[in-house]
Each structure stands twice: as C-alpha cells, then as structure tokens.
Amino acid sequence: ASDAAMAVDIRPFAPPGDSAAVAAIWVSGLQQTVDSTSGLMSLLMRPMMAWLERSASGAEGDVGPAGANLAAHWCCHDGCEMLVATMGSETVGCCGVKRGTDEKAVAPTGCDVCSVWRVSVAATARRSGVGTALMKAAEDWARGQGAKRMQLVTGNPVAATFYVERMQYRRPG
C-alpha cells in the first residue's frame, strides 16, 4: 500500500455516523485485554470485561447500544472530547480525553490534570501508529485545556506496555 493509504488521520467524533464503528472498536479492545492475560488473571478478566461491556453498552451506559450514547457523554459539553482515528475511509481507533480524573464527570476549567478513557485500536490496525497518533492528539487536546499532566488507567498488559515504552508514561508508585 502507498504511504498515503497508510496515513492516520485524527478528528473529533462525529455522531451518528461514527457511533457504531467506535463502539465496535472499543469492544474489540476489551477482548484484547482478555486475550493478553493468562492463567488466573485471564479467569478474572473475562467476567470483568464482560460486565464492563454490558454496563457501558447498556441503555444507560456511556457507550450505549451500538454507540448511541457516545455523543451525549463525549461531545455535548465542554471539557471532554472523543477522538476518532481513520485510515482512508476506515475508522480504526478511538480515544476519549477529559479534564479531571473521574470517569463519570468532567472537572471544571482550570483543572491541571486530564485523563484518557476508551482508547482502542481495531485489531486490523494495531502496530501501525494509530495508538500513538491518538495519544498525541489527546495530549495536544489536554495541553489546550491547560493540563500539566495526564492520567490513564488500564488493565490491559499490551496497552500498559505501549503507554510506558512508546508514550513514556510512568507507572504509579
């Protein structure tokens, strides 16, 4: 493929057209979390990720059925943004970023920390620069909000390695 065909473009989430694709990519990220663990951890992660998917994808969840709630939770107020990665015409990733560290609330203007949520890359686009492009765009957005630091939480060992080794985030402690 040509370099132009492999370019990653990052843009704000555009409902309703992006809703189903972003929801599907996020769910595939949950499966990657399960697949990247083994032994007892895998046994613990399966029901936890299934619960998270049901909860977030339910009628009241921040993702909603087929992504129906993403706009209300990520686009309709100041202080948060859902970013979408595309390669050509294909949606290949998503990343939510917001002021503060509370998953359910947005901190007021002036908060000096932002957090990253719902990061996921389609299985077909992993290891192609999509995650790096999403994280850089999230960091740029956070700087524009006045953030001096970023926080993220993950139970996915593959993602944790990416954040530490590629993006230079530090583990707490």
Side-chain angles (χ1 to χ4, degrees), residues 6-19 21-30 32-33 36 49 52-53 55-57 61-64 67-87 90-122 125-173:
M6 302 309 278
V8 178
D9 292 312
I10 307 295
R11 61 173 172 73
F13 176 80
D18 287 336
S19 299
V22 167
I25 289 167
W26 177 70
V27 168
S28 79
L30 295 177
Q32 182 194 37
T33 300
S36 65
M49 292 298 108
L52 183 57
E53 180 183 347
S55 174
S57 298
D62 70 328
V63 175
N69 298 346
L70 284 165
H73 287 271
W74 290 99
C75 303
C76 296
H77 43 84
D78 185 40
C80 68
E81 184 77 73
M82 176 64 70
L83 301 169
V84 174
T86 59
M87 293 175 83
E90 183 181 359
T91 300
V92 294
C94 62
C95 173
V97 60
K98 61 173 51 179
R99 279 194 313 258
T101 59
D102 186 328
E103 184 175 9
K104 303 290 184 199
V106 175
T109 301
C111 179
D112 70 347
V113 62
C114 284
S115 54
V116 177
W117 302 89
R118 303 277 183 259
V119 178
S120 194
V121 175
R126 291 182 185 144
R127 293 175 177 52
S128 65
V130 173
T132 300
L134 281 165
M135 289 299 295
K136 286 182 179 180
E139 291 168 347
D140 289 345
W141 182 91
R143 275 190 289 281
Q145 296 290 308
K148 294 184 174 108
R149 65 186 177 96
M150 293 280 286
Q151 173 181 300
L152 56 92
V153 176
T154 186
N156 180 329
V158 173
T161 298
F162 165 76
Y163 297 132
V164 171
E165 292 180 7
R166 177 75 52 98
M167 300 306 302
Q168 304 300 302
Y169 280 71
R170 291 179 308 194
R171 295 181 192 271

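Treat the numbers as computed from the prediction; the structure is a model and nothing was measured.
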Would you compute the distance between atom [atom1] of [X] and atom [atom2] of [Y] and round it to the nearest 0.5 angstrom?
| X | Y | atom1 | atom2 | value |
| --- | --- | --- | --- | --- |
| C95 | K136 | SG | NZ | 14.0 Å |
| K98 | H73 | NZ | NE2 | 9.0 Å |
| E81 | R99 | CD | CZ | 12.0 Å |

Could you report the tightest heavy-atom contact between [X] and [Y], atom names first, then the distance?
| X | Y | answer |
| --- | --- | --- |
| A138 | L83 | N-CD1, 3.6 Å |
| V121 | R126 | O-NE, 3.0 Å |
| F13 | C75 | CD2-SG, 3.2 Å |
| W74 | V97 | CZ3-N, 3.6 Å |
| M167 | M135 | CE-CB, 3.5 Å |
| N69 | G61 | ND2-O, 2.7 Å |

Could you tell me whether the side chain of [X] and the main chain of [Y] form a donor-acceptor pair under 3.5 Å?
| X | Y | value |
| --- | --- | --- |
| T132 | G129 | no |
| S57 | E53 | yes |
| D9 | T86 | no |

**Report entry** Flag side-chain contact, heavy atom, 4.5 Å: V63 against L70
**Finding:** yes

Report task. State, yes or no, whether a side-chain contact exists between I25 and T91 at a heavy-atom distance under 4.5 Å. Result -> yes

In residues 100-117, what donor-acceptor pairs under 3.5 Å come from side-chain atoms, sequence neighbours left out?
residue: D102; atom: OD1; partner: K104; partner atom: N; Å: 2.7
residue: D102; atom: OD1; partner: A105; partner atom: N; Å: 3.4
residue: E103; atom: OE2; partner: R118; partner atom: NH2; Å: 3.4
residue: S115; atom: OG; partner: G100; partner atom: O; Å: 2.6
residue: S115; atom: OG; partner: W117; partner atom: NE1; Å: 2.7

Query raised in the report: Is there a side-chain contact (heavy atoms from CB on, under 4.5 Å) between L30 and L52 once you walk through the steps?
Result: CA-CA 8 Å; L30 295 177; L52 183 57; 3.6 Å; yes

Report task. Count the heavy atoms belonging to other residues, nucleotides or ligands that lie under 6.0 Å from CZ of R166, then report whether that count exceeds 12. Result -> no

Report summary line: Sequence neighbours excluded, the answer for side-chain contact (heavy atoms from CB on, under 4.5 Å) partners of T154 is N156, A159, A160, Y163

